[in-house]
Number of protein chains: 2
Amino acid sequence: MEKLDDIDLKILRILQKNSKKTTKEIAQMLNLTASPVYERIRRLENKGYIKKYVALLDKIQLNRPITAVCMVSLRYHNEGFIEKFESQIKELKEVQECYHMAGKVDFFLKINLQSLDAYHEFVRLKLSKIENIGVLESYFVLKEIYSTTEFFI
Amino acid sequence: MEKLDDIDLKILRILQKNSKKTTKEIAQMLNLTASPVYERIRRLENKGYIKKYVALLDKIQLNRPITAVCMVSLRYHNEGFIEKFESQIKELKEVQECYHMAGKVDFFLKINLQSLDAYHEFVRLKLSKIENIGVLESYFVLKEIYSTTEFFI
DNA sequence: GTTGAAATTTTATCAGT
DNA sequence: ACTGATAAAATTTCAAC
């Protein structure tokens, strides 16, 4: 499979919306039988187009209502320092996302927590222990207007 | 089910990592049989703890390598204006996430695109058409260091 | 709230086109 | 690359405890 055809893209669009759709259901949507759909999905998995299958949980019901975005700038930007920072961040279970950014800010972190108190403790006990952080600016999510793992393909 | 017990939490931890695990496999991990695991999962779905099951796709392989974070402030903050903005944003297929924030910036948007050119077009043709935007600041992801849909429960 | 068995559905394989 | 059939496995239901 060197390139994806239209059927592959349709399968991916379906699965990123709802991975519980059965191959039979997908086959019916595409006017095919189950076998080719099954084989295409296996190939899409094996080639890495599909990375994984996950359940998305409800943050509010599971008592993680606080989402913070943390903008971090490092003091030193040598390669070693950046790698050190990145590996330290990956250790923090509260961090859901970490991006190295272009521009005046070096990193964006997205953090999920139970309470503002927990965020205070997180910064005090964990982030501030990371040596190389220069500037740290925190933003809090008031309301999630829209959020999806899908992207337009 | 008024409260989640330890078994429920373990099931949720497993499923948010890999929703393809079978009830039988989960049952073995928890020293149970398939039936109670099956029924617990149904309840977790019905009560909304599990929102949905999705396939996570590879942005790079699917030619959406550009992720931008866009910080937006509105000109007018009456309730009507905010709702209008939110509903207009939801229409834009390029927007993966939109958060109403506390502080000087009103909204964070996360946007996925094929190229910087596509971002330029997106801002020119779509974002700038939304009337109520005051300030718009764009940041680009150089590298995704870490990103997960899981959160710590 | 669990076990264990049975019924149903889905996944996986494969010969034929 | 797909169809249709078949085998294997998982899901779903349920009686009994």
Side-chain angles (χ1 to χ4, degrees), chain A residues 1-64 148-153, chain B residues 1-64 148-153:
Chain A
M1 177 171 50
E2 296 311 318
K3 250 182 103 9
L4 301 184
D5 65 15
D6 195 45
I7 295 172
D8 292 320
L9 291 177
K10 282 176 179 165
I11 291 171
L12 291 174
R13 286 186 199 113
I14 291 166
L15 289 177
Q16 75 169 342
K17 234 184 250 309
N18 176 10
S19 62
K20 285 293 184 194
K21 277 249 187 295
T22 64
T23 49
K24 200 206 255 182
E25 288 174 311
I26 296 170
Q28 283 165 354
M29 293 166 80
L30 306 181
N31 292 318
L32 284 169
T33 53
S35 306
V37 173
Y38 175 79
E39 280 170 18
R40 280 166 182 270
I41 292 173
R42 279 299 89 77
R43 261 185 300 149
L44 291 165
E45 288 168 3
N46 292 335
K47 296 281 182 182
Y49 291 97
I50 297 171
K51 290 196 293 187
K52 60 194 301 204
Y53 297 93
V54 301
L56 301 180
L57 310 185
D58 190 301
K59 289 189 187 73
I60 305 298
Q61 285 204 63
L62 289 162
N63 196 29
R64 294 295 179 280
T148 179
T149 55
E150 293 170 50
F151 52 90
F152 181 67
I153 52 172
Chain B
M1 178 169 53
E2 295 313 316
K3 252 183 106 5
L4 301 183
D5 64 14
D6 196 46
I7 295 172
D8 292 320
L9 290 176
K10 282 176 179 163
I11 291 171
L12 290 175
R13 287 186 199 114
I14 292 166
L15 289 177
Q16 73 169 342
K17 234 185 250 308
N18 177 9
S19 61
K20 285 294 184 193
K21 277 249 187 297
T22 64
T23 48
K24 200 205 255 181
E25 288 174 311
I26 296 170
Q28 282 165 353
M29 293 167 81
L30 306 180
N31 292 317
L32 282 170
T33 53
S35 305
V37 172
Y38 173 79
E39 281 170 18
R40 281 166 180 270
I41 292 173
R42 278 300 88 75
R43 261 185 300 149
L44 291 165
E45 289 167 2
N46 292 335
K47 296 281 182 184
Y49 292 97
I50 297 171
K51 290 197 292 187
K52 60 196 300 202
Y53 297 93
V54 300
L56 300 181
L57 309 184
D58 190 301
K59 289 189 187 71
I60 306 299
Q61 285 203 64
L62 289 163
N63 195 31
R64 295 294 180 279
T148 179
T149 55
E150 292 171 50
F151 52 92
F152 180 67
I153 53 172

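Each chain gets a letter, A, B and so on, in the order the sequences are listed, and its residues count up from 1.
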**Fill in**
So CD of A/Gln28 and OG1 of A/Thr33: to nearest 0.5 Å the spacing works out to 11.0 Å
**Prompt:** Between A/Glu39 (CD) and C/dA15 (P), how many Å, whole number?
**Reply:** 13 Å
**Asked** Is the shortest heavy-atom distance from the side chain of A/Leu44 to the side chain of A/Leu4 under 4.5 Å?
**Response** yes
**Item:** Spacing of B/Arg42 atom CZ relative to D/dT11 atom P, expressed in whole Å
**Value:** 9 Å
**Request:** Using only side-chain N and O atoms of B/Thr23, determine if any of them is under 4.0 Å from OP1 or OP2 of D/dT11.
**Result:** yes
**Item:** Rounded distance in Å - CG (A/Leu30) to P (D/dT3)
**Value:** 11 Å
**Fill in**
Taking D/dT13, C/dT11, D/dA10 as options, the one with an atom nearest any side-chain atom of B/Tyr38 is D/dT13
**Request:** Would you classify B/Ile7 as touching base, sugar-phosphate or nothing, given that sugar-phosphate means primed atoms plus P, OP1 and OP2, and contacts are heavy atoms under 4.0 Å?
**Result:** sugar-phosphate
**Message:** With hydrogens left out and only the distance checked, is there a donor-acceptor pair under 3.5 Å joining B/Ser35's side chain and the base of C/dG4?
**Reply:** yes
**Message:** A side-chain contact here means heavy atoms from C-beta on lying under 4.5 Å apart; do A/Thr149 and A/Val54 qualify?
**Reply:** no
**A/Arg40 side-chain N/O to D/dA1 phosphate OP1/OP2 under 4.0 Å** = no
**Asked** Does atom NZ of B/Lys17 have more than 12 heavy-atom neighbours, drawn from other residues, nucleotides or ligands, at distances under 6.0 Å?
**Response** no
**Asked** Nearest to the side chain of A/Arg43 - D/dA10, C/dT3, D/dA1?
**Response** D/dA1
**Complete:** Rounded to whole Å, CG of A/Asn18 lies from C1' of C/dT10 at a distance of 15 Å
**Request:** Starting at atom CG of B/Asn31, determine the distance to atom P of C/dT2, rounded to an integer number of angstrom.
**Result:** 12 Å
**Item:** Whole angstrom value for the distance that separates P of C/dT2 from NZ of B/Lys24
**Value:** 19 Å
**Prompt:** Over how many whole Å does the gap from B/Leu32 atom CG to C/dT3 atom C1' extend?
**Reply:** 10 Å
**Message:** Just the rounded figure in Å: distance from C1' of C/dG4 to CD of B/Gln28.
**Reply:** 15 Å
